Amino acid sequence: MIKSPIKIRTLSELRAVLKDHRMAGRSIGFVPTMGALHDGHLSLVKIANQKSDVTVVSIFVNPTQFAPGEDLDTYPRTEDADIALLTEVGTDIVYLPSVEEMYPDGSKTDVRVADMSDLLDGIFRPHFFYGVATVVARLFVHVQPDVAVFGEKDYQQLQIIRRMVRDLGFPIEIVGGETYRDADGLAQSSRNAYMNPAERQKANTISSALHRARTRIAVGTPVAEALQEARASIGAAGFERLDYVSAVDPDMLQDLPDGALTPGQVARILAAAWMGPTRLIDNMGFART
Ligand code: PAF
């Protein structure tokens with residue numbers, strides 16, 4: 001029988017419901033989201049379902065990760081459609097806290113993961129990872145999950161959360177879910193809905209350019225040469241601004257030297273670029289053959 005998730009809006013109710021599950025010896029899986037759910041999110045919920053007895057999905061558009069002038073007010077809010085999708089995929093609890101519930105009395109406590117938050121996307125959105133780390137730490141305290149699942153599509157975010165969990169000693173297993181792609185390779189994102197059909201048609205250049213660069217670096221092409229080609233093809237496809245295309249070490253996200261990788265060396269290639277009003281990000285992992 002298909003069962004709708006229980007909707008919970010307050011921390012006190014969440015604690016009471018989860019306490020009963022814990023007392024019954026059930027493990028808790030958690031998928032934090034900002035809603036506007038798509039197949040990528042649902043694939044993360046399926047992982048949480050496999051790895052735990054009870055799955056909690058949070059939907060909270062977190063104001064602290066938006067800078068003034070960004071899309072906080074227009075970010076899609078589709079609660080009923082989200083709950084219908086979560087019902088189909090199977091979810092026990094949807095946590096829908098208010099801003100006051102997440103940040104009571106204006107809250108003065110932030111979580112900052114130094115260095116890793118200030119590179120790549122952090123250069124262009126300096127506030128962003130501080131807001132993400134702060135809200136994810138708070139959500140972890142609210143839900144106290146055994147396992148939490150995040151998409152690899154937001155690879156820098158995933159690594160920052162892994163580091164935060166390690167530094168603060170949260171007893172939580174962090175699992176990365178593979179990026180979910182449309183048939184033409186475009187990574188699924190709630191913000192893809194902002195693109196018009198002409199923009200959407202060109203948007204997959206970002207994934208094809210990364211794919212080609214990764215293939216070239218993996219067979220020994222110098223990093224700088226492959227990245228240069230990727231930048232040129234993204235620019236030629238009609239992206240208005242290219243924030244970065246970088247190849248980094250997959251753990252601490254430090255830029256790799258310009259030359260060829262050594263055999264067996266692992267790497268991650270990441271990009272962010274603007275298609276009209278939409279900022280797209282993508283990344284891929286690989287190893288030098
Ligand atoms: O990836 C997201 O949707 C958000 O950054 C997250 C992790 C839910 C924090 O607001």
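All heavy atoms count here, side chains included; hydrogens, waters and symmetry mates do not. Values in this document were obtained by computation on a predicted structure and should not be read as measured data. When a ligand or atom number is given, it counts from 1 through the structure's own listing order.
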Protein contact of atom 7 (C) of ligand 1 - nearest heavy atom, named by residue and atom, plus distance: Q157 NE2, 3.5 Å

Any L270 side-chain heavy atom under 4.5 Å of L120 side chain: yes

Single-linkage hydrophobic cluster, 4.5 Å side-chain cutoff, L168 and I174 together: yes

More than 12 heavy atoms from other groups under 6.0 Å of NE2 on H127: yes

Minimum-distance protein heavy atom relative to atom 10 (O) of ligand 1: Q65 OE1, 2.6 Å

salt_bridge(D71, R279) N-O dist < 4.0 Å: no

Distance filter under 4.0 Å to V135 heavy atoms, resulting ligand 1 atoms: 9 (C), 10 (O)

